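Chain letters run A, B, ... following the sequence lines, proteins first, then strands; residues in each count from 1. Here the structure is a predicted model, which means the values were calculated and not measured.
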Amino acid sequence: RPRPKKPLTIGFAQTGAESAWRTANTVSMKSEAEKRGIDLKFSDGQGKQENQIRAVRSFITQGVDAIVIAPVVETGWDPVLREARRARIPVILTDRSIQTSDESLFSCFIGSDFYEEGRMAADWLAKHTGGKGRIVELQGTVGSAPANERRKAFAEGIAKYPGLKILDAQSGDFRRANGKEVMESLLKKHGRTIDIVYAHNDDMALGAIQAIEEAGQKPGKDIVIVSIDAIKEAIQAVVDGKINCTVECNPLFGPKVYDTAAKLLAGEKVPKKLFNKDELFDHTNAATVVASRQY
Amino acid sequence: MSDSALRKTPVIWPLIGLALLVVLNAVMNPAFLRITLLGGHVYGVPVDILVQGSRTMLLALGMTLVIATGGVDLSVGSVVAISGAVCAILLQGGTALAVTLAAAVGAGVFAGAINGVLVARIGIQPIVATLILMVAGRGIAQLIVGGQVIIIASPRFEFLATGFVFGLPFAPLLVGLLFFATHLFLRRTAAGLFVEAVGDNETASRFAGLAAARVKALAYVFCGACAGLSGALTAANIRAADAYGAGANAELDAIFAVVVGGTALTGGRFSILGSFLGALLIQTLTTTMYNVGVPPAVAPMPKALLIIAVSLLQSERFRGWIAGVRTRKRRAIA
Amino acid sequence: MSDSALRKTPVIWPLIGLALLVVLNAVMNPAFLRITLLGGHVYGVPVDILVQGSRTMLLALGMTLVIATGGVDLSVGSVVAISGAVCAILLQGGTALAVTLAAAVGAGVFAGAINGVLVARIGIQPIVATLILMVAGRGIAQLIVGGQVIIIASPRFEFLATGFVFGLPFAPLLVGLLFFATHLFLRRTAAGLFVEAVGDNETASRFAGLAAARVKALAYVFCGACAGLSGALTAANIRAADAYGAGANAELDAIFAVVVGGTALTGGRFSILGSFLGALLIQTLTTTMYNVGVPPAVAPMPKALLIIAVSLLQSERFRGWIAGVRTRKRRAIA
Amino acid sequence: MEQEPLLQLRGITKRFVGVTALQDVDFRVRAGEIHALLGENGAGKSTLIKVLTGVHAADAGVILFDGRDIHPESPKAAERAGISTVYQEVNLIPALSVAENIALGRQPGRFGFINWRAMRRHAREALSRLDLTCDVDAELGSLSVALQQMVAIARALDLRARLLVLDEPTASLDEKEVAELFKVMRRLRGDGLGIVFVTHFLEQVYAVSDRMTVLRNGQLVGEYATTDLPRLALVGKMLGREVKDEAGRQSAPAPVVPVEGAAAPVLEARRLGRRGAIQPLDLTLRRGEVTGLAGLLGSGRTETARLLFGIDRADAGEIRVRATPAHLRSPRDAVRLGLALCSEDRKSEGLLPNLSVRENLILALQAKRGAWRTLARSDQEKLCAHYIRALQIKTPDAETPIRNLSGGNQQKVLLARWLATQPEAIILDEPTRGIDVGAKAEIEQLIAKLRAEGLAVLLISSEIEEMVRNCSRVLVLRERTLAGEVSGDALTPERLMHVMAGTHE
Ligand SMILES: Nc1ncnc2c1ncn2[C@@H]1O[C@H](COP(=O)(O)OP(=O)(O)OP(=O)(O)O)[C@@H](O)[C@H]1O
Ligand SMILES: Nc1ncnc2c1ncn2[C@@H]1O[C@H](COP(=O)(O)OP(=O)(O)OP(=O)(O)O)[C@@H](O)[C@H]1O
Ligand SMILES: [Mg+2]
Ligand SMILES: [Mg+2]
């Protein structure tokens, strides 16, 4: 394949370093760049959009070949993206998309499909429980996009199965400690009527597992547990039979992002919306991937 | 504690709040108060409240002294994260439990010493001085664990947070013991008087021969130690060090607990028992919201309302005003 | 402002900090100071700093008065979210721009009035009183927008944050004008004096015939109004109301700016100019971290270090200590 | 010539928790008179004034001002009605400048424009009316207590008031300032103002007042024309018993005679000084001797005391305690070496307002012992009971927060705080400030007793008579320099005044 004479320079405006998922995401971007000999200009936005905008501007002045943004918020990107277009630098959005009146301002979006994740969880449940069971839902941080999407998709997914009922829903803030605490309360409130736990992320599920064990029940057996993210620890829990299923929210964006960037720079057309492939892990396949899991 | 009515008053309001919450819960869900034996130990919602609340109580204990000296420590949440990270790394490396715990508390003491020096020796305003560690501390914790959530696989460590002795939960017992010991220490020795004196009028205390700066600094050190231990409990509770999430917003809860417990942010008089009840009240409220099924979106509201209610009741001006309205009404009727 | 040297001192340290940062940036990246004309208006990093910083400056302006009265307003971030939500809903409904802006500021005034009543009339401690709206306010904002991010499609509204007049950015001009007007108002009338008097010694001010409670309450109302306008700017800047993220942690930056600008959290003397410079300094630092390429893990550190440095320099005790060390050294040499 | 009183309080009752501060008190002030309000510490004088000016709401009674029933809800309302007040404690804003303090609350309109230059000029004029020159841009808090007091008076005089209320304005003033104040008071009286004047200095009462009202235990004793009531009778009315001498003493003060072993120096200062505060000076406090430190306002007496007690670091000279060089880095060091300093600034350097009388009283002793050697609760209570009795401290009980005590009684508690440490040397900076005649005599007797027991005392007082009565030797400071020493037969008020003023040559 034709190698560019000069190594590619790509600017990446990351959101921050707020979670293990994000760290894995950063690592993937960096290590993959190293592997491919790409000069990656990395910038940490510390959770602030203005920082990211500033970073993007500096990428433009430095004349990078492509810009990758993991936007902190969905809105307010138009001005800086216009500047990038003026400088003819393609922009790839990752992880979260943006809201804009002019879709041509960015080349494509590569992300995790939170909605799809929620739907996959619902489908798996429907299939493996025979469409029956009382569910408690551990929601993510109120108002956040993944929590919103995963809640909506799941609700819509189980709507077709009248036997699947949401008994209770509380926010565990995506945190392990809160997941545990909420689960403890719900266990006491609903006694042994809980059949299923649906957690918006693995951390909360892992917290809930502890609560269930401390209540003298067997997670994965007495109570079916479904969660999202598929971090290594959760896949191990699937292997151990404590989590029944975890839907991947793959943070390893590196390969896909750089592939896409190369295509864009070569003038190829790419779809506007690309999803990083998310898999689903349950007892059938967890054991095979757990060893090779990096995060 | 002195028997004077003055000291006891602040404790009344959190007690009443607590009673109201318990009644509310018991009505909504009669199982709320049920405590059963499960696998040889007590089991039930009140047990959960004590166990979950023990970490905030510990923070409130340290915070009480800092607030009594007229300061505030915003860094406790970050110290919890640091201490948890230290525990995880050490346990991962096979360090003995006692050493690990000492290191966790030691990390807290170190952090507290930094705060203490900044506030007491150099004279930086407490909010600013401790904000620095609050902001930087979480980064430090993340450096320690290398940005990972580190799993802790030590049953003995886990016991700290989830263990039972003689069928009773260990963490609340430990914390209760620490409260009692602190209370005894502060009230049986002159230490409590010194803290209150420094908080009430630092200059006057210094002129009376107190080492005011040392008293203040030690309050921060103690607060750091409490936060360090609380960090160990937090890590033990979830069997992992979560540098990003551990202790997030914990400083707010601790401050709330202290204020609701009747210790004024302006310093001076403090109530250890009040802080205990304040922390218990806040945890009970959190649990109540799960129990009652408050929708997550409006969950922050009840807490805000509770705190405002207790603060209102503690405000002399408000009580006077209410009394005034009543008298006026009575007069109008007569 | 009075001409006394005393008042001018606090402004020195943020100025020095600012100068150092600019030099650092210019050395690391000579393009830093380059300002060009692009499409008929100025363009460059310093312009960005002013535009991005304008929202924090506005918050710092209101916060200065609140802090000067001896209080603090933790709710400004939530008010920013509320006001942005109000703007979005109204503009969506086709309301006129002027009415929308009035409503945004009005929402801030309303929030400020609640804080003011709680603090000044009922006597709840400022941290607690404003924490309530801080916690509950974001929920309110989310209720207003129904949990959605609402897009604003009004170029005239957007102009507030991103427009240019005579080639100069509008937002900093507006904010600068407000600072100047506030400064004039406070120093040409007795209002500034009242604020400082109440902040320094509330009882004495009351005894001296000031309506201390009213002065305090008005400070919160003004702070709320500033936060309301800042919320409109924030929404205009991202052309959307983001109830979840708008103004998050904004209160910290505002407090930092005020403190770095030389106004003590204990109340009393304040410096409007200092707060302006403080906010500018903080924004410049943020931008600098980009320019210099600080690694993510240590990103919170520079801010913490800067704040501690300025606080240290402002601490008389520290300066005295440094001076003492120097004298002792000199003596040792002699 | 009976005219309608300018101010009339009828049946005023004010109760605090556990205390009835005022019980059915009547009080009248006419236009054009100086009316002294008198009574022991805790009699209710300040409370009456606070009711009158809207700080406290009375539980019962009416306030007629100019024949109208005013109901002042706040000091602001009282000020609007034409009542201008100097409260007992220095009650201005320390962080603001002198000029700003004087201007505060009396700008044209509510948010009217300020002319800073005019404000300064105005302040200078107000101060010059009291024959005071000081930097009007100086921060008020940096001034000595006496100067702050003068500024507060200047501010009150400045208001276009019809009634002027002065609660112990002269407590920390020198004769010269008092004379200036009286001049102004007399002039205002001539202008038809009514003036309420609270003081514990009887000679001032007789020097300036026209009428007087006496309170005892919150009750009205009576209203008298000053010329009708001789001093002895007045003291009797205040104390509620027959007295043999003017100060209300049952017996004469112990004579000032040196005691055995008086030669041993306890505290010595050699060339002790601090740049900008005090020129290097020598000073020796001996066992069984009361040494005076005299000087005019701002002459540096308090600064000297601060150096001796380790509050400020000296940058020249040395201090010896019992002949051993001592490095005093803080008051703590001084306390541990057996020194004590009762500060002149009661409010900011003495009181722990929210703590109880007991805690305030034992604090220094406990600090001296350290946190570990805790005083048993019963010992604390015994100590309190002892001093409450010995100094006749008027308090419901030892657990009352000290802020609820009257000014004079607070002062007594602070004095007790230091006596309880059983110091070897004690520095008393204006110890009788705001203390009533009876108690003042008790304290003087106490000083004499302590001296007889071998204590070394350094007494700082603006009351020259008091210095002469109590000291065997007086050092005089002038402009922060030791200007001389007066002792023996030369120690007379006249001589002392001359040395202080620098006119003795
Ligand atoms: N806020 C308060 N709460 C409770 N008791 C109070 C309060 N203020 C005053 N008292 C009590 O009221 C009584 C009268 O006090 P007041 O201050 O009027 O005395 P005073 O005559 O001014 O004495 P002094 O000469 O010492 O200034 C005292 O017994 C005092 O303890
Ligand atoms: N902290 C300070 N900062 C600046 N000036 C001060 C400070 N303390 C005292 N001074 C000034 O130093 C001078 C000496 O004050 P000092 O209090 O020692 O006088 P004094 O002789 O005790 O008089 P007084 O009768 O007023 O107490 C005064 O002019 C005072 O204003
Ligand atoms: Mg009085
Ligand atoms: Mg003095």
Side-chain angles (χ1 to χ4, degrees), chain C residues 1-10 68-70 121 182-215 218 222 262-264 266-271 316-317 320-321 323-325 327-328 330-331, chain D residues 50 53-55 72-81 83-97 99-117 119-120 135-142 152 155-156 159 167 275 313 315 347-348 353 403:
Chain C
M1 197 177 294
S2 131
D3 301 329
S4 81
L6 201 126
R7 286 226 182 130
K8 281 192 178 158
T9 323
T69 66
R121 299 279 165 200
T182 310
H183 174 76
L184 277 190
F185 169 70
L186 290 172
R187 296 304 182 188
R188 289 265 176 276
T189 74
L193 204 53
F194 287 5
V195 168
E196 292 184 333
V198 169
D200 195 47
N201 187 341
E202 191 183 344
T203 316
S205 322
R206 202 146 29 82
F207 280 21
L210 293 193
R214 192 178 314 159
V215 170
L218 284 178
F222 178 72
T263 302
T266 40
R269 287 284 189 215
F270 65 85
S271 166
E316 254 170 65
R317 229 185 292 173
W321 186 67
V325 171
T327 337
R328 246 174 287 151
R330 233 182 291 142
R331 263 195 229 155
Chain D
K50 285 182 181 164
T53 59
V55 175
E73 298 215 312
S74 66
K76 189 185 170 79
E79 212 153 78
R80 278 225 196 97
I83 302 171
S84 174
T85 316
V86 175
Y87 292 93
Q88 182 172 3
E89 298 300 332
V90 178
N91 261 316
L92 291 178
I93 321 295
L96 297 193
S97 73
E100 287 168 330
N101 267 291
I102 290 176
L104 196 64
R106 46 165 302 280
Q107 303 78 12
R110 198 180 308 147
F111 284 139
F113 286 95
I114 289 191
N115 179 341
W116 291 89
R117 195 166 311 151
M119 186 177 99
R120 286 213 207 73
D135 177 11
V136 294
D137 289 326
E139 214 174 288
L140 185 78
S142 72
R155 175 176 185 281
L159 288 158
D167 193 352
R275 229 169 302 138
R313 264 341 143 76
D315 51 18
K347 202 162 193 178
S348 57
R403 70 181 134 85

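- Between C:Arg269 and D:Glu100 there is a salt bridge, since a side-chain N of the basic residue sits under 4.0 Å from a carboxylate O of the acidic one.
- A donor-acceptor contact shorter than 3.5 Å links the side chain of D:Trp116 to the backbone of C:Arg187.
- If you take OG on D:Ser97 and CG on C:Leu193, they are separated by 7.5 Å, rounding to the nearest 0.5 Å.
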Exercise. Take C:Phe207 and D:Thr85 through the side-chain contact (heavy atoms from CB on, under 4.5 Å) test and state the conclusion after the steps.
Key: CA-CA 8 Å; C:Phe207 280 21; D:Thr85 316; over 6 Å; no
Practice problem: Go through C:Leu210 and D:Lys76 one step at a time and tell me if the side-chain contact (heavy atoms from CB on, under 4.5 Å) criterion holds. | Solution: CA-CA 6 Å; C:Leu210 293 193; D:Lys76 189 185 170 79; 5.9 Å; no
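- With rounding to the nearest 0.5 angstrom, the CD1 atom of D:Ile93 is 3.5 Å from the OG atom of C:Ser205.
- Side chain of D:Arg80 to main chain of C:Gly209: no donor-acceptor pair is present (N/O by atom type, distance under 3.5 Å, no hydrogens or angles).
- The two residues D:Leu92 and C:Asn201 have their closest heavy-atom pair at O-ND2, 3.5 Å.
- For C:Asp200 (side chain) and D:Ala95 (main-chain N/O), a donor-acceptor pair under 3.5 Å exists by modelled atom type.
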